Trainee: 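Please read through the structure below; I'll follow up with questions.
Note that the structure is predicted; figures quoted are calculated from it, not measured.
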Amino acid sequence: AATCAAKERRAVSAALRVEARRLLRRGEEVEFDRRSGRARRGPVGLGRWAVAPADVARLRGLHERIKAGCAAMMGWAGGSDARDERRRCFGLVAGGREALESSGIALHSFETRRRDHEREMAQNWASCVDVTPTEDEARSIAAVAEAAALAVDPRFRDDLTLIAL
């Protein structure tokens with residue numbers, strides 16, 4: 001019975017992923033009006049929600065602290081596309097590194113060749129920075145996550161995480 005239930009959950013989850021992909025369209029980049037700080041045109045996705053300007057400001061500040069603390073940014077595509085000049089790093093919040101390491105997570109992308117997994121994982125770990133949000137930043141993270149959870153179609157809530165949003 002447990003095997004049947006697991007198969008059914010996997011089938012439902014797969015069907016929901018197919019439906020989500022059908023609903024998603026590649027949206028144009030968000031354009032901001034420099035004077036007002038508001039978006040002229042918003043993104044297309046599975047959900048939309050308002051974010052208070054104070055939360056946006058706090059989260060931008062957190063983002064800047066993460067970027068400033070990252071000593072080893074890596075290529076956006078993880079080395080799989082040498083033409084991509086964008087750089088990235090990962091901000092791990094409140095014990096995130098320990099949680100990921102203890103879970104045995106493989107910090108490499110699925111498209112990376114097996115022989116390159118160890119190299120890419122080392123690069124990814126090196127591009128991580130630990131950050132502790134201020135109380136205000138933590139409240140903003142919680143507010144955005146709560147609003148996002150309510151904005152997503154209920155059919156997709158079990159398959160989406162804060163990271164996916």
Trainee: Would you find more than 12 non-hydrogen atoms of other residues, nucleotides or ligands less than 6.0 Å from Glu135 atom CD?
Mentor: no

Trainee: What heavy-atom pair brings Trp125 and Glu101 nearest, and what distance separates the two atoms?
Mentor: CH2-CG, 3.6 Å

Trainee: Quick one: are Ser127 and Arg88 in side-chain contact, heavy atoms under 4.5 Å?
Mentor: no

Trainee: Looking only at heavy atoms, which two atoms of Phe90 and Ile66 are closest? And how far apart?
Mentor: C-CG2, 4.3 Å

Trainee: Could you go through the side-chain contact (heavy atoms from CB on, under 4.5 Å) check for Leu92 and Leu100 one step at a time?
Mentor: CA-CA 9 Å; Leu92 302 177; Leu100 289 172; 3.9 Å; yes

Trainee: So which heavy atom on Ala99 is nearest to which on Ser102, and how close?
Mentor: O-OG, 3.2 Å

Trainee: Can you measure from CG (Leu62) to CG (Asp136) and round to the nearest 0.5 angstrom?
Mentor: 12.0 Å

Trainee: A quick test of your reading: do over 12 heavy atoms of other residues, nucleotides or ligands sit less than 6.0 Å from CD of Glu146?
Mentor: no

Trainee: If I compare all heavy atoms of Val129 with all of Gly69, which pair ends up nearest, and what's the gap?
Mentor: CG2-O, 3.4 Å

Trainee: Is there a side-chain contact (heavy atoms from CB on, under 4.5 Å) between Val144 and Val56? Walk through the geometry before answering.
Mentor: CA-CA 9 Å; Val144 170; Val56 171; over 6 Å; no

Trainee: Closest heavy-atom contact between Arg65 and Thr132?
Mentor: NH2-O, 3.4 Å

Trainee: Run Leu59 and His63 through side-chain contact (heavy atoms from CB on, under 4.5 Å) and show every step you take.
Mentor: CA-CA 6 Å; Leu59 295 176; His63 183 243; over 6 Å; no

Trainee: If you measure from CE on Met121 to CD on Gln123, what distance do you get to the nearest 0.5 Å?
Mentor: 11.5 Å

Trainee: Please confirm whether the backbone N or O of Thr134 pairs with a side-chain atom of Glu137, one donor and one acceptor, at under 3.5 Å?
Mentor: yes

Trainee: Within the side chain of Arg87, is there an N or O that forms a donor-acceptor pair under 3.5 Å with the backbone of Met73?
Mentor: yes

